[in-house]
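Note sheet for the following structure.
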Amino acid sequence: MALAAKPPLGWNSWNTFSHEINEEVVRGVADAMVREGLKDAGYEYVVIDDCWSTRERDENGRLVPDPEKFPSGMKALADYVHSKGLKFGMYSCAGTHTCAEYPGGFEHEFIDAATYAAWGVDFLKYDYCNKPRYVDGAMLYRRMAMALRNCGRDILFSACNWGHDNTTDWIRSTGAHMYRSTGDIVDSWPRIKELALSQMHEQKYSGPYCFNDMDMLVVGMYGRSFNSWIADNAELTEEERAKRTTEYRTHFSLWAMMNSPLMIGCDVRDMSEETKEILLNRDVLAINQDVEVRTPFVSPHWEDQPESLIRMWKPLENGDYAIGLFNFVDGGARITLPFWDMGLPTAAGYGFKLYDCWKHEEIGVFTERFTEVVEEHGCRLYRATLVKV
Ligand code: GAL
């Protein structure tokens, strides 16, 4: 079956749980995805990241789940996830060892693919640490893709080599369904901004069956993680929390507009109302999941401020346009989008009716241009319908 016609949606353990992952957490996450409506909104993959195995393979060269973290084994856990109507994902690495020094897939690709198929795995994230220096990385992704595509089960192949070795020159041809294009995200605004800016003009390779993965979401983490490198666990004041919520909305809107897979990274068993409002925003999800998944056009606001105020738009399947305005400036700023830039001459006699995807309401019909003051690190996301005026 062809996988990843649209950006994959799901949850991944790394951002919050890191080394502290276990089957109880995974079961609880699967339960929460159903209970909180994430499954109904389209999130389907529940993915265990690094640190799930023992330090050595067994005598037959097979990977072994850590018996303390996963006492019931992976088949039972996959069955549980499947019983909730969700899909089950795991993690390995193209190198000899994973980034946390567990056994990697290098030269065990075919036996590992068979193991994953036997366990009922539906998704494999494949990292790039500890790759033997003189081995071609592209070859390793080609090899694992071949093994997965012939293991007797549909397994979505999520490559994670952080954009190294000119990933976009070869990744689509390997058979991978998504590819990490950046180093790791952390739960902070500067990093969200940095990742988004780094990929804004790197979207032309991304599309159905092979998407640019801008890394797992930090929406809803609010500084909480078992990995202090990802989040520092500092107590946030009310004001800091509110600011973070604005930034999470911008982060989610950017990833959605840029057709990134949306893999939730917070603890979905315990989400705040704001987190739910963001992750369950069907208007934003619809923009990410539009059947045509068109590359957005990115236009900086002024020539001398190319990376501060961003306007971005893309055509949607029904004739509408998704429009995103993003304020990367430290302070409120006015962002103006002349419709002329989108291709609409004023004399044509049309305007755009704008529907606000965060307020969930129509805000009016505009001709010639749209202009709005956007708060610090904030955004606006609209669905625009062309109307006669
Ligand atoms: C990194 C990867 C992260 C996470 C981590 C696990 O290389 O980019 O997303 O998987 O390894 O050790």
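One-based numbering along the sequence shown. Whatever order the structure lists them in is the order used to number ligands and atoms, beginning at 1. Hydrogens, waters and symmetry mates are skipped; everything else that's a heavy atom, side chains included, is used.
- In this pair, Trp14 and His19 present their aromatic rings tilted. The plane angle is within the 30 to 60° band.
- Taking the six-membered ring where the residue is Trp, Tyr248 and His251 present tilted rings, their angle falling between 30° and 60°.
- Going from atom CD1 of Ile278 over to atom CD1 of Ile264 covers 11.0 Å, rounded to the nearest 0.5 Å.
- The distance between the ring centers of Trp313 and Phe297 falls below 6.0 angstrom.
- The side-chain tip of Arg241 points at the ring of Tyr222 from less than 6.0 angstrom away and within 45° of straight on.
- Contact residues of ligand 1 (protein heavy atom closer than 4.0 angstrom to a ligand atom; sorted by chain and number): Trp14, Asp49, Asp50, Tyr91, Cys99, Lys125, Asp127, Cys160, Trp162, Arg180, Asp184, Met216.
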Evaluation steps, disulfide bond (SG atoms under 2.5 Å apart), between Cys129 and Cys99
CA-CA 5 Å; Cys129 284; Cys99 301; 2.1 Å; yes
